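To start, the structure itself, in structure tokens.
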Amino acid sequence: MLTKATAPQVLLQTAGEQDTGGGAAGGMADRTGEDLQWLRRAHDEQLALCTELEAIADSLPSAVNRQKCIYAAKALGPLIQGIHRYEESILFPQLLADPRAGHNIDATLERLKFEHCEDECFAEELTDALLKLGSGDIVNMEAVGYMLRGFFEGIRRHIAFEREYLFRDMQDG
């Protein structure tokens, strides 16, 4: 059950705040390992939120936990936006610089950036729907159910793609 205590912790630590250790000699390998650890934790938080969103969808229309809806709504936008900014400003440039990256990595990263934009817009709409649901406003339960399922399934696919195709070969420190 999603509560204030179990709501995903937003991982918004920026690259400048990280202690990369190793000084100049540590270089990219240390940095990449830390960045991938951050990404794994971020993915785990996104997946935990997806599980909670699925539980909300499953509870529709008659067993809605309104408090869970509000916590999910408050976590959704900042979590998604924070992870996307980190990927685009830290991890994607590392992929572009990695000689092991495929020849069409540019096109792949552009597609993922576009998906990030779509996900963030969808998250805004879903946040509004969850806040209405959580406050007891009348909503179209079927539409909210479709929104929830469409969102969390898309996020799960996105994470699976990143894990399987983008970050599998980067050094793990």
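Just so it is clear, the values below take in all heavy atoms, side chains as well, and ignore hydrogens, waters and symmetry mates. In this text, all values refer to a predicted model and were calculated from it rather than measured experimentally.
- To the nearest 0.5 Å, atom CG of residue L47 and atom CD of residue E54 are 11.0 Å apart.
- Taking CG of L76 as the start and CD of E52 as the end, the distance is 12.5 Å to the nearest 0.5 Å.
- Put simply, the side chain of L95 does not reach to within 4.5 Å of the side chain of T108, judged on heavy atoms.
- Side-chain contact between Q81 and H84 is absent, with no heavy atoms from C-beta onward closer than 4.5 Å.
- Taking the side chain as every heavy atom from C-beta outward, L39 and R163 never approach each other to under 4.5 Å.
- The side chain to side chain donor-acceptor pair (under 3.5 Å) check on R149 picks up D58, with sequence neighbours excluded.
- Pairing each heavy atom of G150 with each of F122, the nearest pair is C-CE1, 3.8 Å.
- Across L130 and A72, no two heavy atoms sit closer than the pair CD1-CB, 4.2 Å.
- Scanning all heavy atoms of the two residues, the minimum distance from A55 to K68 falls at CB-NZ, 3.7 Å.
- At least one side-chain heavy atom of Y71 sits less than 4.5 Å from a side-chain heavy atom of Q67.
- Side chain of N104 to backbone of A107: no donor-acceptor contact under 3.5 angstrom is found.
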Stepwise side-chain contact (heavy atoms from CB on, under 4.5 Å) check, L133 with M141: CA-CA 9 Å; L133 192 59; M141 294 291 188; 3.7 Å; yes
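- Among residues two or more places apart in sequence or in another chain, the ring-ring contact (aromatic ring centres under 6.0 Å, His included) test is passed with F152 by none.
- A heavy-atom distance below 4.5 Å is not found between the side chains of I56 and V144.
- Linking ILVMFWY side-chain heavy atoms closer than 4.5 Å, directly or via other members, places Y146 and L60 in two distinct hydrophobic clusters.
- L49 and L131 fall into different hydrophobic clusters, where Ile, Leu, Val, Met, Phe, Trp and Tyr side chains are chained together by heavy-atom contacts under 4.5 Å.
- I105 CD1 to E110 CD: the interatomic distance, rounded to the nearest 0.5 Å, is 11.0 Å.
- Each of I70 and M147 belongs to its own hydrophobic cluster when Ile, Leu, Val, Met, Phe, Trp and Tyr are linked at side-chain heavy-atom distances under 4.5 angstrom.
- Using modelled atom types and a 3.5 Å distance limit, the side chains of E162 and H158 yield a donor-acceptor pair.
- Ion pairing of D106 with K113 is absent here, as no side-chain N (NZ or NE/NH1/NH2) approaches a carboxylate O to less than 4.0 Å.
- The distance from atom CG of D137 to atom CZ of R66, rounded to the nearest 0.5 Å, is 8.5 Å.
- Follow the hydrophobic side-chain contacts under 4.5 Å out from W38 and you reach L36 in the same cluster.
- With a 4.5 Å cut-off on side-chain heavy atoms, I155 and F151 count as touching.
- We find the OG-CG distance between S59 and L148 to be 8.5 Å, quoted to the nearest 0.5 Å.
- For the pair D35 and Y86, the minimum side-chain heavy-atom distance is below 4.5 Å.
- Rounding to the nearest 0.5 Å places CD of Q46 at 11.0 Å from CG of L53.
- Residues G77 and T127 share a closest heavy-atom pair of N-OG1, 4.3 Å.
- Residues passing the salt bridge (charged side-chain N to carboxylate O under 4.0 Å, His left out) test with E153, sequence neighbours excluded: R156.
- With a 4.5 Å cut-off on side-chain heavy atoms, F161 and E115 do not count as touching.
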